[in-house]
Undergrad: 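Right, I'll just put the structure down here and ask away after.
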Amino acid sequence: MDDSVRKPVAVVTGASSGIGEATARRLAAEGFSVVAAARRRDRLDALVAEIGGTAVTLDVREPESVAALAAAVPVCAVLVNNAGGARGLAPIAEADAEHWRWMYEVNVLGTMLVTKALLPALLASGNGHIVSINSVAGHEAYDGGGGYTAAKHAQNALLLTLRLELLGQPIRVTEVCPGLVETEFSLVRFDGDEERASSVYEGLQPLVAADVADCIAWAVTRPEHVNIDRIDVKPRAQATATRVARDA
Ligand code: NAP
């Protein structure tokens, strides 16, 4: 029998890297048939060759691409809206409108488009679960973070609205808000500047992507009447978005 017939299906967006990739691995280990979606297809193919499931090329900014994902997934137990990220760290006085547009499109509109497209499949599962990978930036402001914090606050508002609108339906809604996680996030934020990216994690032990995947796996494996609303997870050396303890 085909994997997807026997196992509940979990769609993970942004599965080509970081938290999404670790989540795809972990959910496969938990018994899900994983649909791994992102733009970098070569990485997805390598991933599903290891963990099983299906690779789907997806750009969350493109409605046709999202529609193709939904067409490939008639029944979905878990949707992890993880695709996202930050561009730049400029103060608002020097804001780059293209960076802001990218952050809003990927984190906010992308989450809306994918969620909207997969809602029928989540309902069809009889026990759906939407997990949104937000951030400490969804609940705090910090210098230079305006474009990212605005997008992540909006992503939070989207999820709170969704929880109200889905009340009474068999779909759970969970927000996961990590602090510093060492992934390709800072490399993307700083446009490939490896030195600047690695300085973000210097002198402290950040989370690794598998730590966040562990939280997601825990939330989606609770009994179906239990809704984990929100998980805030940071390294021990981090108190707020910017307040960290670094080694001397
Ligand atoms: P990452 O390693 O850069 O991964 C980002 C993922 O998003 C990649 O798989 C990328 O895949 C995908 N993505 C980007 N644009 C996309 C698009 N238009 N369509 C489809 N997929 C797209 O960073 P990460 O840390 O794992 O980030 C995952 C999520 O965690 C993001 O929402 C981020 O905001 C959040 N987060 C990260 C941290 C952190 O410190 N790392 C902290 C809090 C929250 P492709 O490029 O192949 O499309």
Side-chain angles (χ1 to χ4, degrees), residues 11-26 35-47 55-66 68-69 79-87 89 99 101-114 117 131-140 142 145 147-156 158-159 175-192 194 197-198 200-201 204-213 215-216 230-235 237-238 240-242 244:
V11 172
V12 181
T13 69
S16 61
S17 167
I19 295 168
E21 182 189 339
T23 301
R25 287 181 188 283
R26 179 62 188 271
V35 176
R39 293 168 301 173
R40 286 171 290 181
R41 183 55 185 261
D42 51 333
R43 291 189 180 204
L44 300 176
D45 286 338
L47 178 65
V56 173
T57 308
L58 171 72
D59 188 331
V60 298
R61 297 167 302 178
E62 300 295 338
E64 311 78 46
S65 177
V66 174
L69 168 72
L79 165 62
V80 183
N81 279 314
N82 163 76
R87 299 290 302 274
L89 193 62
H99 282 172
R101 196 165 286 118
W102 184 89
M103 289 187 274
Y104 206 83
E105 281 194 355
V106 177
N107 294 289
V108 188
L109 290 177
T111 298
M112 178 278 287
L113 285 174
V114 174
V131 181
S132 181
I133 309 308
N134 201 310
S135 170
V136 64
H139 300 275
E140 281 184 47
Y142 59 88
Y148 186 55
T149 57
K152 287 301 198 186
H153 276 68
Q155 195 182 316
N156 165 255
L158 187 163
L159 206 73
E175 182 179 64
V176 177
C177 300
L180 290 168
V181 192
E182 192 160 12
T183 63
E184 293 174 18
F185 174 86
S186 294
L187 206 57
V188 173
R189 172 169 239 174
F190 300 127
D191 214 11
E194 287 182 17
S198 61
V200 173
Y201 313 106
L204 60 82
Q205 185 175 354
L207 298 177
V208 294
D211 296 322
V212 183
C215 296
I216 296 163
R230 175 173 148 189
I231 298 176
D232 291 339
V233 54
K234 296 200 274 297
Q238 181 176 24
T240 71
T242 51
V244 295

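Each ligand, and each atom within it, is numbered from 1 in the order the structure gives. A quick note: this is a predicted structure, and the numbers were derived from the prediction, not measured.
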Undergrad: I want to know if ligand 1 touches S135 in the polar sense, i.e. an N/O pair below 3.5 angstrom.
TA: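 By distance alone, the answer is no.
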
Undergrad: Go through ligand 1 atom by atom and flag the ones less than 4.0 Å from a non-hydrogen atom of S16.
TA: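 Going through ligand 1 atom by atom, the ones under 4.0 Å from S16 are 8 (C), 9 (O), 10 (C), 11 (O), 45 (P), 47 (O).
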
Undergrad: Would you check whether V60 has a nitrogen or oxygen atom less than 3.5 angstrom from a nitrogen or oxygen atom of ligand 1?
TA: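 Checking ligand 1 against V60, an N or O pair does fall under 3.5 Å apart.
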
Undergrad: Check K234 with E140, please: is the shortest side-chain N to carboxylate O separation under 4.0 Å?
TA: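 Looking at K234 together with E140, the answer is no, because their closest N to O distance does not fall below 4.0 Å.
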
Undergrad: Going by distance only, is there an N or O of G14 that falls short of 3.5 Å from an N or O of ligand 1?
TA: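 Yes: some nitrogen or oxygen of G14 is under 3.5 Å from one in ligand 1.
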
Undergrad: Within the 4.5 Å heavy-atom criterion, are L69 and V35 side-chain neighbours or not?
TA: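 Of all side-chain heavy-atom pairs linking V35 with L69, at least one is under 4.5 Å.
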
Undergrad: Please determine whether a side-chain nitrogen of the Lys or Arg among R230 and D232 lies less than 4.0 Å from a carboxylate oxygen of the Asp or Glu.
TA: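 Result for this pair is yes, salt bridge flagged.
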
Undergrad: Check ligand 1 against S17 and write out every atom of the ligand that is under 4.0 Å from a heavy-atom position of the residue.
TA: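 Answer, ordered by atom number: 1 (P), 2 (O), 4 (O), 8 (C), 9 (O).
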
Undergrad: Among A151, G138, A83, A86, which residue places a heavy atom closest to atom 21 (N) of ligand 1?
TA: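 Considering heavy atoms of A151, G138, A83, A86, the nearest to atom 21 (N) of ligand 1 sits in A83.
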
Undergrad: Check each heavy atom of K152 against ligand 1 and say whether those closer than 4.0 Å belong to the side chain, the backbone, both or neither.
TA: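 K152 to ligand 1: side-chain contact only, backbone stays beyond 4.0 Å.
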
Undergrad: Nearest non-hydrogen contact with atom 5 (C) of ligand 1 belongs to which option: G84, G85, G20?
TA: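 Nearest option to atom 5 (C) of ligand 1, by heavy atoms: G84.
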
Undergrad: Kindly identify the option in V200, I133, V208 whose heavy atom sits closest to atom 30 (O) of ligand 1.
TA: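 Nearest option to atom 30 (O) of ligand 1, by heavy atoms: I133.
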
Undergrad: Where on T13 is there a heavy atom closer than 4.0 Å to ligand 1, on the side chain, on the backbone, on both, or on neither?
TA: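 For T13, there is no contact with ligand 1 at all, from either part.
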
Undergrad: Do side-chain atoms of H139 reach the backbone of H153 as a donor and acceptor pair under 3.5 angstrom?
TA: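 No; zero donor-acceptor contacts below 3.5 Å.
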
Undergrad: Should you measure from each heavy atom of D59, which atoms of ligand 1 turn up under 4.0 Å away?
TA: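 In order of numbering, the contacting atoms are 17 (C), 18 (N), 19 (N).
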
Undergrad: Measuring only between side-chain heavy atoms, which start at C-beta, is M103 closer than 4.5 Å to V108?
TA: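 No. Closest side-chain heavy atoms not under 4.5 Å.
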
Undergrad: With heavy-atom distances below 4.0 Å as the criterion, list the atoms of ligand 1 near Y148.
TA: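 Under 4.0 Å from Y148, ligand 1 has these atoms: 33 (C), 34 (O), 35 (C), 36 (N), 44 (C).
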
Undergrad: Between T183 and ligand 1, is there a nitrogen or oxygen pair with a distance under 3.5 Å?
TA: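 Looking only at distances, the answer is yes, because the N/O contact criterion of under 3.5 Å is met.
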
Undergrad: Quick one: are I216 and V80 in side-chain contact, heavy atoms under 4.5 Å?
TA: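 Yes - at least one pair of side-chain heavy atoms lies under 4.5 Å apart.
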
Undergrad: Under the salt bridge (Lys or Arg N to Asp or Glu O under 4.0 Å) test, which residues partner R101, sequence neighbours left out?
TA: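 Salt bridge (Lys or Arg N to Asp or Glu O under 4.0 Å) check on R101 returns E98.
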
Undergrad: Closest non-hydrogen protein atom to atom 42 (C) of ligand 1, residue and atom name please, with distance?
TA: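 Going by distance alone, atom 42 (C) of ligand 1 is nearest to G179 O, 3.0 Å.
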
Undergrad: Within the structure, is a non-hydrogen atom of A137 found at a distance of less than 4.0 Å from ligand 1?
TA: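 Flag not set, A137 not near ligand 1.
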
Undergrad: With side chains defined as the heavy atoms from C-beta onward, is the minimum distance between N107 and K152 less than 4.5 Å?
TA: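 In contact.
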
Undergrad: Measure the shortest side-chain to side-chain distance between N82 and T23 over non-hydrogen atoms and say whether it is less than 4.5 angstrom.
TA: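 With C-beta onward as the side chain, the pair stays apart.
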
Undergrad: Based purely on interatomic distance, does V106 place a nitrogen or oxygen under 3.5 Å from a nitrogen or oxygen of ligand 1?
TA: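 In this structure, V106 places no N or O atom under 3.5 Å from an N or O of ligand 1.
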
Undergrad: At under 4.0 Å between heavy atoms, is it the side chain or the backbone of N134 that contacts ligand 1, or both, or neither?
TA: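 The answer is the backbone.
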
Undergrad: Would you indicate whether the side-chain heavy atoms of R39 and E62 approach each other to under 4.5 Å?
TA: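 Heavy-atom side-chain distance check fails, nothing below 4.5 Å.
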
Undergrad: Considering residues at least two apart in sequence or located in another chain, which fulfil the side-chain contact (heavy atoms from CB on, under 4.5 Å) criterion with A83?
TA: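 A83 satisfies side-chain contact (heavy atoms from CB on, under 4.5 Å) with T13, V60 only.
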
Undergrad: Mark yes or no for whether D45, through its side chain, and D42, through its backbone, hold a donor-acceptor pair below 3.5 Å.
TA: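 Looks like no, no N/O pair under 3.5 Å.
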
Undergrad: Is there a nitrogen or oxygen of I19 sitting under 3.5 Å from a nitrogen or oxygen of ligand 1?
TA: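 Yes - when backbone and side-chain N and O of I19 are compared with those of ligand 1, one distance drops under 3.5 Å.
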
Undergrad: Under 4.0 Å from a heavy atom of L58: which atoms of ligand 1 are those, numbered in the order shown and with their elements?
TA: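 Reading through ligand 1 atom by atom, the close ones are 19 (N), 20 (C).
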
Undergrad: Nearest heavy atom to atom 41 (N) of ligand 1: which of T111, V181, T23 does it belong to?
TA: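 Shortest heavy-atom distance from atom 41 (N) of ligand 1: V181.
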
